[in-house]
K.L.:
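Right, I'll just put the structure down here and ask away after.
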Amino acid sequence: MKDYIEERVLSLANYIISTNSTVRAAAKEFKVSKSTVHKDVTERLQEISPSLAAQVKTVLDVNKAERHIRGGLATREKYSHQDE
């Protein structure tokens with residue numbers, strides 16, 4: 001694996017863990033695609049640091065469990081502004 005990819009993977013992992021960030025938010029912050037972030041933190045990170053990969057997986061699992069709630073809140077917010 002090239003050095004710059006390894007650095008990006010570790011930076012993404014540390015960012016997600018420290019901010020409890022979603023894949024989408026991390027992709028926006030690092031200016032890469034969501035697919036790249038997902039591949040970095042699920043596949044490549046496992047090869048580099050399994051313990052860090054486990055921590056990221058915990059954060060991503062929580063985000064996945066809460067995503068239906070976030071979607072509902074976003075929809076409510078969207079339509080509450082249309083009534084005004």
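Position 1 is the first residue of the sequence; numbering continues from there. Note that these values count all heavy atoms, side chains included, but never hydrogens, waters or copies made by symmetry.
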K.L.:
Calculate, to the nearest 0.5 Å, the distance between atoms OG1 and CZ belonging to Thr36 and Arg44 respectively.
P.N.:
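Between Thr36 OG1 and Arg44 CZ, I get 7.0 Å after rounding to 0.5 Å.
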K.L.:
To the nearest 0.5 Å, what is the distance between CD1 on Ile5 and CG on Leu10?
P.N.:
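That separation rounds to 12.0 Å.
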K.L.:
What distance separates Lys39 NZ from Ser35 OG, expressed to the nearest 0.5 Å?
P.N.:
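Spacing of NZ (Lys39) from OG (Ser35) equals 10.0 Å.
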K.L.:
Can you find a heavy atom in the side chain of Ile48 that is under 4.5 Å from one in the side chain of Met1?
P.N.:
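Of all side-chain heavy-atom pairs linking Met1 with Ile48, at least one is under 4.5 Å.
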K.L.:
Shared ILVMFWY cluster between Val62 and Ile69, side chains joined below 4.5 angstrom?
P.N.:
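Not linked; separate clusters.
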K.L.:
Pairs of donor and acceptor atoms involving the side chains of residues 20-28, under 3.5 Å and at least two apart or interchain, shall be tabulated with distances.
P.N.:
| unit_1 | atom_1 | unit_2 | atom_2 | d |
| --- | --- | --- | --- | --- |
| Ser21 | OG | Ala26 | N | 3.4 |
| Thr22 | OG1 | Ala25 | N | 3.1 |

K.L.:
Please tell me if the side chains of Lys34 and Val37 come closer than 4.5 Å, counting only heavy atoms from C-beta onward.
P.N.:
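Not in contact.
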K.L.:
Mind checking whether Leu73 and Tyr79 sit in one hydrophobic cluster, side chains of I, L, V, M, F, W, Y counted as touching below 4.5 Å?
P.N.:
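Different clusters: Leu73 never reaches Tyr79 through Ile, Leu, Val, Met, Phe, Trp or Tyr contacts under 4.5 Å.
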K.L.:
Is the CG atom of Asp3 crowded by more than 12 outside heavy atoms at less than 6.0 Å?
P.N.:
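Counting other residues, nucleotides and ligands, CG of Asp3 stays at 12 neighbours or fewer.
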K.L.:
Side chains of Ile17 and Leu52: closer than 4.5 Å at any heavy-atom pair?
P.N.:
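Result yes, sub-4.5 Å side-chain heavy-atom pair found.
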K.L.:
Once you round to the nearest 0.5 Å, how far does CG of Leu12 lie from CD of Glu29?
P.N.:
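Output value for this atom pair is 10.0 Å.
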K.L.:
Kindly indicate whether the side chain of Val32, heavy atoms from C-beta on, has any atom under 4.5 Å from the side chain of Arg8.
P.N.:
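A side-chain contact exists here, since the closest heavy-atom pair is under 4.5 Å.
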K.L.:
Using only atom types and a distance under 3.5 Å, with no angle test, would you say the side chain of Ser49 pairs donor to acceptor with the backbone of Leu45?
P.N.:
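It does not hold such a pair.
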